[in-house]
Trainee: 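The following block contains the structure, expressed as structure tokens.
As the structure is a computational prediction, the values presented were derived from the model and not from experiment. In this chain, residues are counted from 1 in sequence order.
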Amino acid sequence: MIASYYFYSQWDWRFCFLLGFSTLLDYFSGIAIERSTKKSVKKIWLFLSIIINVGILGYFKYVNFFIESFNDLLVSIGFQPNIFSLNVILPIGISFYTFHGLSYVLDIYFGKFKVEKNIINYSLFVCFFPMLLAGPIERAPHLLPQLTKGHEFDYNKIVDGMRQFLWGFFKKVVVADNCANIVNMVFEDPGNYSGMTLIYAAFLFIFQVYADFSGYSDMALGTSRMFGIQLMKNFDTPFFSRDMAEFVGRWHISLSTWFKYYIYKPAVKENSSNIRKYFFVFLIFLISGFWHGARWTYIVVGFFAAVFVIISIFLRPYTNRFIHNYKTALKPSVGHILMVILNLLAATFLAVIFRNDDMHSSNAYFYGIITRFSFHFPHYLSWILLLLIFFMLVIEWIGRMDYHILEKIGKNWPTFYRWGFYILILLLIALAMPKNQEEFIYFQF
């Protein structure tokens, strides 16, 4: 626990006090809920925890968003307000550790988990350093029992963790950071580029986000594995998904699982009407979009993602005809490839909105694609980068059925070939790693 707080303090030691307050709030709320005999008292402690947690998160993450939106509303109806925004620093990882604490309190309230009375164990559940900054968002029933039992040195777990960390590091510094160099240039001034270049940069951005975030998740899971802790899988090769419903179920799994357990399941029963089901699908995606940050573009992304998911659910009876055992097939079928391409187009559309600061910029980007489109090679075309992305996708296709991509790839190969494969990845990292390193994208959330 001390090491995790030291790790967090390297960003800004002052926010360790906020992390500690959030931890103590949910620790004592959990105890109060379990000790209470009246359901009304349990609800008071639950709502107290939710209101304070969401209030803290809302202040640091959304206060300026609401101030600026209110200011824009007043301007639109003819007023000239003199409202100033606040200079608020967003604590890194606050969205993640807030949801850790809330899940613990909710599990105790619903009787799914017994309160953890050892404050050191509970604090470690909240601040465990591999997952503290950008997840995955863990639930107490899965993680806390692992933290409270003893751990012995396990060579196989350490080696397995190193393999997963290696693959995550490759995705981050080779694929994500190289994509970022081109994406940043194009998105900063899209008016100066052709439609083909804008399309190229949009596709690179969706691969950048994936390689960046899933790369972090792999490094977090790999590091935890070396300590004998198995965190939940956060990505499951989403680019091989047949539709958007499957895509979002494989992307940031811990967040979608959190919303599923604590919002969708309590509100939607098996006999609920389709209208109620689709309403909560929309609600969850809108909340998920807003969770990412204080921008209208994130909410718009959530709205369109919900639309795409519902459409894909309606089309499942037809799309299933084109998929035949793709999870175990050596190579994808033609139908699967076509559906993956269509889904990638939808995901890239969402990525453009996600990347821009406002809808005006997003609309201008799409307008540029349409009005300046021509069949010419895009600016900054890098065949090496495209080959690296292709290499990443091929390896992930081969390892798609395992807990992590390199879990079994090369594991049973002869020593010479196994180490040759690992050295190849290390060489690609050494040769293709750009000089300018990008911060992890999800650190801002």
Trainee: Taking the six-membered ring of Phe440 (Phe, Tyr or Trp), confirm whether the NZ or CZ of Lys172 is under 6.0 Å from its centre and within 45° of its axis.
Mentor: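 Because its charged atom sits under 6.0 Å from the ring centre and within 45° of the axis, Lys172 does stack over Phe440.
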
Trainee: Could you work out, with ring-ring contact (aromatic ring centres under 6.0 Å, His included) as the rule, every residue matching Phe169, not counting sequence neighbours?
Mentor: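 With sequence neighbours excluded, Phe169 shows a ring-ring contact (aromatic ring centres under 6.0 Å, His included) to no residue whatsoever.
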
Trainee: Among Lys112, Arg139, Lys114, whose salt bridge (Lys or Arg N to Asp or Glu O under 4.0 Å) with Asp107 holds?
Mentor: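 When salt bridge (Lys or Arg N to Asp or Glu O under 4.0 Å) is applied between Asp107 and each of Lys112, Arg139, Lys114, only Arg139 qualifies.
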
Trainee: Using 30° and 60° as the class limits, which term best fits the ring planes of Phe235 and Trp251: parallel, tilted or perpendicular?
Mentor: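 Judged by the thresholds at 30° and 60°, the geometry between Phe235 and Trp251 is perpendicular.
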
Trainee: ring-ring contact (aromatic ring centres under 6.0 Å, His included) with Phe170: which residues, sequence neighbours excluded?
Mentor: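 So Phe170 forms a ring-ring contact (aromatic ring centres under 6.0 Å, His included) with Trp167, Phe391.
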
Trainee: Determine whether Cys179 and Leu385 make a side-chain contact, defined as any pair of heavy atoms from C-beta on separated by less than 4.5 Å.
Mentor: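 Yes, side chains in contact.
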
Trainee: With a 4.5 Å heavy-atom cut-off, do Val126 and Ser22 have their side chains touching?
Mentor: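 A side-chain contact is absent here, since even the closest heavy-atom pair is not under 4.5 Å.
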
Trainee: Roughly how far, to the nearest 0.5 Å, is the CG atom of Asp243 from the CD1 atom of Ile313?
Mentor: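 Going from CD1 on Ile313 over to CG on Asp243, the span is 8.5 Å.
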
Trainee: Does a sphere of radius 6.0 Å around CG in Asn436 hold more than 12 heavy atoms from other residues, nucleotides or ligands, not counting ones at 6.0 Å or beyond?
Mentor: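 No.
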
Trainee: Centres of the Phe349 and Phe366 rings: under 6.0 Å?
Mentor: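 So the answer is yes for these two rings.
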
Trainee: Please check if the side chain of Tyr8 supplies one atom and the backbone of Ile92 the other of a donor-acceptor pair under 3.5 Å.
Mentor: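 Yes, Tyr8 side chain to Ile92 backbone: donor-acceptor pair under 3.5 Å.
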
Trainee: Could you check, using the six-membered ring where one of them is a Trp, whether Phe285 and Phe303 have ring centers closer than 6.0 angstrom?
Mentor: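 Ring-ring flag for Phe285/Phe303: false, centres at least 6.0 Å apart.
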
Trainee: Between Phe165 and Met226, is any pair of side-chain heavy atoms under 4.5 Å apart?
Mentor: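 Counting from C-beta outward, Phe165 and Met226 do come under 4.5 Å.
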
Trainee: Test: side chain to side chain donor-acceptor pair (under 3.5 Å). Region: residues 199-211. Which pairs qualify, not counting sequence neighbours?
Mentor: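 The answer is Tyr210-Glu396.
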
Trainee: How long is the gap from CG on Asp236 to CE on Met401, to the nearest 0.5 Å?
Mentor: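 It comes to 8.5 Å.
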
Trainee: Begin from the C-alpha positions of Ile310 and Phe282 and carry the test side chain to side chain contact (heavy atoms under 4.5 Å, CB included) through to its verdict.
Mentor: CA-CA 9 Å; Ile310 291 174; Phe282 266 100; 3.3 Å; yes

Trainee: Looking at Phe187 and Ala201, what are the two nearest heavy atoms and their distance?
Mentor: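 Smallest interatomic distance, heavy atoms only, reads CE1-O, 3.9 Å.
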
Trainee: So, for Pro130 and Tyr216, which heavy atoms are closest and what is the spacing to 0.1 Å?
Mentor: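 Minimum heavy-atom separation between Pro130 and Tyr216: O-OH, 2.9 Å.
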
Trainee: Would the distance check show the side chain of Glu34 and the main-chain N or O of Ile108 forming a donor-acceptor pair, the cut-off being under 3.5 Å?
Mentor: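 No, the answer is negative, given that no donor and acceptor are paired below the 3.5 Å cut-off.
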
Trainee: Does a donor on one side chain sit under 3.5 Å from an acceptor on the other, for Ser217 and Asn234?
Mentor: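 There is such a pair (donor and acceptor under 3.5 Å, judged by atom type) between the side chains of Ser217 and Asn234.
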
Trainee: Please confirm whether Phe354 and Tyr298 have ring centers closer than 6.0 angstrom.
Mentor: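 When the ring centroids of Phe354 and Tyr298 are compared, they turn out to be within the sub-6.0 Å range.
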
Trainee: Using side-chain heavy atoms (C-beta onward) and a distance below 4.5 Å, is Leu143 in contact with Met232?
Mentor: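 Not in contact.
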
Trainee: With a cut-off of under 6.0 Å to the ring centre and 45° to the axis, is Lys265 in cation-pi contact with Tyr261?
Mentor: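 Lys265 over Tyr261 ring: yes.
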
Trainee: Just do the side chain to side chain contact (heavy atoms under 4.5 Å, CB included) check on Phe290 and Leu286 with the steps written out, would you?
Mentor: CA-CA 6 Å; Phe290 200 46; Leu286 291 176; over 6 Å; no

Trainee: Of the non-hydrogen atoms in Asp402 and Lys233, which two are nearest, and what is the gap between them?
Mentor: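 Looks like O-NZ, 2.9 Å.
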
Trainee: When you check the side-chain N and O atoms of Ser49 and Asp26, is any donor under 3.5 Å from an acceptor?
Mentor: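 There is such a pair (donor and acceptor under 3.5 Å, judged by atom type) between the side chains of Ser49 and Asp26.
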
Trainee: Quick check: does any side chain N or O of Asp189 sit under 3.5 Å from a backbone N or O of Met185, one acting as donor and the other as acceptor?
Mentor: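 Looks like no, no N/O pair under 3.5 Å.
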
Trainee: Just wondering, are more than 12 heavy atoms of other shown residues or ligands nearer than 6.0 Å to OH in Tyr367?
Mentor: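 Count not over threshold, so no.
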
Trainee: Could you tell me which non-hydrogen atom of Thr197 sits nearest to which non-hydrogen atom of Ser194, and how far apart they are?
Mentor: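 Answer, listing the atom of Thr197 first, then Ser194: OG1-OG, 3.0 Å.
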
Trainee: With rounding to the nearest 0.5 Å, note down the distance linking CD1 in Ile395 to OG1 in Thr237.
Mentor: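 Rounded to the nearest 0.5 Å, the CD1-OG1 separation comes out at 13.5 Å.
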
Trainee: Tell me, please, which residues at least two apart from Asp218 pass salt bridge (Lys or Arg N to Asp or Glu O under 4.0 Å).
Mentor: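 So Asp218 forms a salt bridge (Lys or Arg N to Asp or Glu O under 4.0 Å) with Lys171.
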
Trainee: Between Ser4 (side chain only) and Cys127 (backbone N and O only), is there a donor and an acceptor less than 3.5 Å apart?
Mentor: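 Yes; judged by distance alone, with no hydrogens or angles, the pair exists.
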
Trainee: Check the side chains of Arg225 and Gln230 for a donor-acceptor pair under 3.5 angstrom, ignoring hydrogens and angles.
Mentor: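 A donor-acceptor contact under 3.5 Å links the two side chains.
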
Trainee: Ignoring hydrogens and angles, state whether a donor on the side chain of Ser254 or Thr257 is under 3.5 Å from an acceptor on the partner side chain.
Mentor: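 No - no donor-acceptor pair under 3.5 Å links their side chains.
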
Trainee: Once you round to the nearest 0.5 Å, how far does CD1 of Ile253 lie from OG of Ser214?
Mentor: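 Between atom CD1 of Ile253 and atom OG of Ser214 there are 10.5 Å.
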
Trainee: Assert yes or no for the condition that the ring centre distance of Phe96 to Trp291 is strictly below 6.0 Å.
Mentor: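 Ring-ring flag for Phe96/Trp291: true, centres closer than 6.0 Å.
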
Trainee: Report the C-alpha separation of Ile229 and Met131 in whole Å, then their side-chain angles, then the decisive distance to 0.1 Å, and conclude whether the side chain to side chain contact (heavy atoms under 4.5 Å, CB included) test is met.
Mentor: CA-CA 11 Å; Ile229 304 296; Met131 67 175 194; over 6 Å; no

Trainee: Taking the inter-plane angle between the rings of His379 and Tyr193 on a 0 to 90° scale, is it parallel (under 30°), tilted (30 to 60°) or perpendicular (over 60°)?
Mentor: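 Rings of His379 and Tyr193: perpendicular, as their planes differ by over 60°.
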
Trainee: So, do Asn343 and Ser312 sit near enough that their side-chain heavy atoms are less than 4.5 Å apart?
Mentor: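 Side chain of Asn343 against side chain of Ser312, heavy atoms only: no contact under 4.5 Å found.
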
Trainee: For Tyr62, is the OH atom crowded, meaning more than 12 foreign heavy atoms sit under 6.0 Å from it?
Mentor: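 Counting neighbours around OH of Tyr62, more than 12 heavy atoms of other residues, nucleotides or ligands fall under 6.0 Å, so yes.
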
Trainee: Run the numbers on Ile405 and Ile398 for side chain to side chain contact (heavy atoms under 4.5 Å, CB included), then give the verdict.
Mentor: CA-CA 8 Å; Ile405 299 303; Ile398 296 172; over 6 Å; no

Trainee: With a 4.5 Å limit on heavy-atom distance, are the side chains of Val115 and Tyr27 in contact?
Mentor: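 Not touching, per the 4.5 Å side-chain cut-off.
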
Trainee: Could you check whether any side-chain N or O of Asn356 sits under 3.5 Å from a backbone N or O of Asp358, counting only pairs where one atom can act as donor and the other as acceptor?
Mentor: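 Side chain of Asn356 to backbone of Asp358: no pair is present.
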
Trainee: Are Ser36 and Ile33 packed together at the side-chain level, in the sense that at least one heavy-atom pair is separated by less than 4.5 angstrom?
Mentor: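 No, every pair of side-chain atoms sits at 4.5 Å or beyond.
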
Trainee: Is a donor on one side and an acceptor on the other found under 3.5 Å between the side chain of Tyr264 and the backbone of Ile284?
Mentor: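 Looks like no, no N/O pair under 3.5 Å.
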
Trainee: Please tell me if the side chains of Val105 and Asn53 come closer than 4.5 Å, counting only heavy atoms from C-beta onward.
Mentor: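 SC-SC contact between Val105 and Asn53 ruled out.
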
Trainee: Just grab all the salt bridge (charged side-chain N to carboxylate O under 4.0 Å, His left out) pairs involving residues 272-289, residues at least two apart or on different chains.
Mentor: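 As it turns out, there is no salt bridge (charged side-chain N to carboxylate O under 4.0 Å, His left out) pair with a partner in residues 272-289 once direct neighbours are skipped.
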
Trainee: Tell me yes or no: between the side chains of Asp160 and His404, is some donor less than 3.5 Å from an acceptor?
Mentor: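 Yes, a side-chain donor-acceptor pair sits under 3.5 Å.
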
Trainee: Nearest heavy-atom pair of Val174 and Ala432: which atoms, and what distance?
Mentor: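 That closest heavy-atom pairing would be CG1-CB, 3.9 Å.
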
Trainee: Step through it carefully: locate the ring centre of Tyr122, locate the ring centre of Tyr104, and say whether they are under 6.0 Å apart.
Mentor: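 Yes, the ring centres sit under 6.0 Å apart.
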
Trainee: Any idea how Phe240 and Trp397 line up, ring-wise: parallel (<30°), tilted (30 to 60°), or perpendicular (>60°)?
Mentor: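 The rings of Phe240 and Trp397 stand perpendicular, inter-plane angle above 60°.
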
Trainee: Can you list the residues that meet the ring-ring contact (aromatic ring centres under 6.0 Å, His included) rule with Phe314, with sequence neighbours excluded?
Mentor: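 Checked Phe314 against ring-ring contact (aromatic ring centres under 6.0 Å, His included); matches are Tyr278.
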
Trainee: When rounded to the nearest 0.5 angstrom, what distance separates CG in Leu350 from CG in Leu345?
Mentor: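 Answer for the CG-CG pair, Leu350 versus Leu345, is 11.0 Å.
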
Trainee: What are the two closest non-hydrogen atoms of Leu231 and His142, and how far apart are they?
Mentor: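 Nearest heavy atoms, Leu231 then His142: C-CE1, 3.9 Å.
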
Trainee: What's the spacing between Leu342 CG and Arg242 CZ if we round to 0.5 Å?
Mentor: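 Atom-to-atom, Leu342:CG and Arg242:CZ are 14.0 Å apart.
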
